[in-house]
2 protein chains.
Amino acid sequence: MATETLITGELKRTIDDRYRLTLPPEMAKAVTDENGKTVMVKERAGCVSLWRAADWQKRLDDGIAIIQQKISAGRMEERWSEVQRLGRLLSTRSRDIQLANRSRVLVPEGFREFLNVQPGGEVMIVGAAICIEIWNPTNWLELLQTEMPEFSPLFKDLSG
Amino acid sequence: MATETLITGELKRTIDDRYRLTLPPEMAKAVTDENGKTVMVKERAGCVSLWRAADWQKRLDDGIAIIQQKISAGRMEERWSEVQRLGRLLSTRSRDIQLANRSRVLVPEGFREFLNVQPGGEVMIVGAAICIEIWNPTNWLELLQTEMPEFSPLFKDLSG
DNA sequence: GATCATTTTGGGTTGGTTACCCACATCACA
DNA sequence: TGTGATGTGGGTAACCAACCCAAAATGATC
């Protein structure tokens, strides 16, 4: 893994009329790999995340290789519909992007609806330890209200 | 199976006034077999898929073989009406098409209503590993929101 | 508090791509 | 053979993302 320190921080940003937003430089650096690549991922409605492309790809590649192997070995004949479903999700789930000027993100087509933001709208940018999340403010607030009570026990659990 | 790499990618396209849409060249190639044939299939309301004709035929044959096996094994005695229904569905389910110039697809009569698009309307084009799917945007967003959380378990299952 | 450095925002330009449009081919049917 | 509906081909204008740069805002330093 490439990042030594956990990514943290929470801030509000507005999305440009061209669907752009700027990240703080440290965050931008944290999600950019040595080739300058980043991946944007759909997490849940109202939330997308950013990862170093290399890290993200590594997580997937092994699994995909196995699946491809199984396909060519004829071991998926009974499970085409599941393969199809996975492929479908795989396609939408993530997209390679590149930060302009080392810090500006263009939210691509397809992620805009998922995030449910319009030009000029606001989003929350949240460090999530191993990645950065971009939240629709409404969904973020919801999450906060439901999950904040769980913070203390979770923190104790993970740090204990 | 003919494709070595899983088909992925997601993009939005508009249907032109004559019910045509343009595929990206790589996608077009991925669903065209050595004879230049493609098959369009009705998946579910709001979604049709495109296959290399050869692959689709093979899938169909395999499925039919299994059913015939069951029939001759006497395991369909109670289910004739279902078999009959299947036969009926098979005939409307798919249609041979051919990609025109500029890798353009003409959505044929009968598939238009199924997709529920009108000329000038938009669709999502989604790589689904072994085929390409064309979605009505509304249905697509719905599916996305409900099924995205299932990605991880499905991925683990198929790659395990 | 003034100056400088850094970050953020806004917008101009450009090149590649798409979608809109029209012209022609084909077919069915009168 | 004419007419209208449908499929096919391709030109072109409009759009958008990538790449700029400049102004504004913010923060740091003396």
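In what follows, chains carry the letters A, B, and so on, assigned in the order in which the sequence lines appear, proteins first and then strands, with residues in each chain numbered from 1. The figures here come from the full heavy-atom set of this structure, side chains too, leaving out hydrogens, waters and symmetry mates.
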* **Nearest atoms (heavy-atom pairs only) where Ala28(B) meets Ser103(B)** => CB-CB, 3.4 Å
* Between Pro137(A) and Met124(A), which heavy-atom pair has the shortest distance, and what is it? -> CA-CG, 4.3 Å
* Any chance the side chains of Trp140(B) and Glu10(B) put a donor and an acceptor closer than 3.5 Å? -> yes
* To do: Could you tell me whether the side chain of Arg112(A) and the main chain of Val107(A) form a donor-acceptor pair under 3.5 Å?
  => yes
* **Distance in angstrom units between Ile15(B) CD1 and dA19(C) C1', rounded** => 12 Å
* With sequence neighbours excluded, residues passing ring pair (Phe, Tyr, Trp, His ring centres under 6.0 Å) with Phe111(B) -> none
* Rounded off to whole Å, could you give me the CG-to-P distance for the Asp17(A) and dG12(C) pair? => 11 Å
Output one line per pair: protein atom, nucleotide atom from nucleotides 14-18 of chain C, and distance, for all N/O pairs under 3.5 Å.
unit_1  : atom_1 : unit_2   : atom_2 : d
dT18(C) : OP1    : Arg13(B) : NH2    : 2.3

* Who are the salt bridge (charged side-chain N to carboxylate O under 4.0 Å, His left out) partners of Arg20(A), not counting sequence neighbours? -> Asp16(A)
* Closest heavy-atom contact between Arg52(A) and Asp33(A)? -> NH2-CA, 3.3 Å
* **Whole-Å distance separating the CZ atom of Phe111(A) from the C1' atom of dA17(D)** => 16 Å
Using a cut-off of under 3.5 Å, enumerate the N/O to N/O pairs linking the protein to nucleotides 6-9 of chain D.
unit_1 : atom_1 : unit_2    : atom_2 : d
dG7(D) : OP2    : Arg112(B) : NH2    : 3.0
dG7(D) : N7     : Arg18(B)  : NH1    : 2.4
dG7(D) : O6     : Arg18(B)  : NH1    : 2.7
dG7(D) : O6     : Arg18(B)  : NH2    : 3.1
dG9(D) : N7     : Arg20(B)  : NH1    : 2.8
dG9(D) : N7     : Arg104(B) : NH2    : 3.3
dG9(D) : O6     : Arg20(B)  : NH2    : 2.9

* Asked: Can you name the nearest heavy-atom pair linking Pro108(A) to Met40(A), along with the distance?
  -> CD-SD, 3.6 Å
Can you give me the N/O atom pairs linking the protein to nucleotides 23-28 of chain D at distances under 3.5 Å, or say none if there are none?
none

* **Separation of dT8(C) P from Leu23(A) CG (nearest whole Å)** => 9 Å
* Can you see which heavy atom on Thr38(A) is nearest to which on Val31(A), and at what distance? => OG1-O, 2.9 Å
* Pair listing, salt bridge (Lys or Arg N to Asp or Glu O under 4.0 Å) test, anchored in residues 115-126 of chain B, at least two apart -> Lys12(B)-Glu122(B)
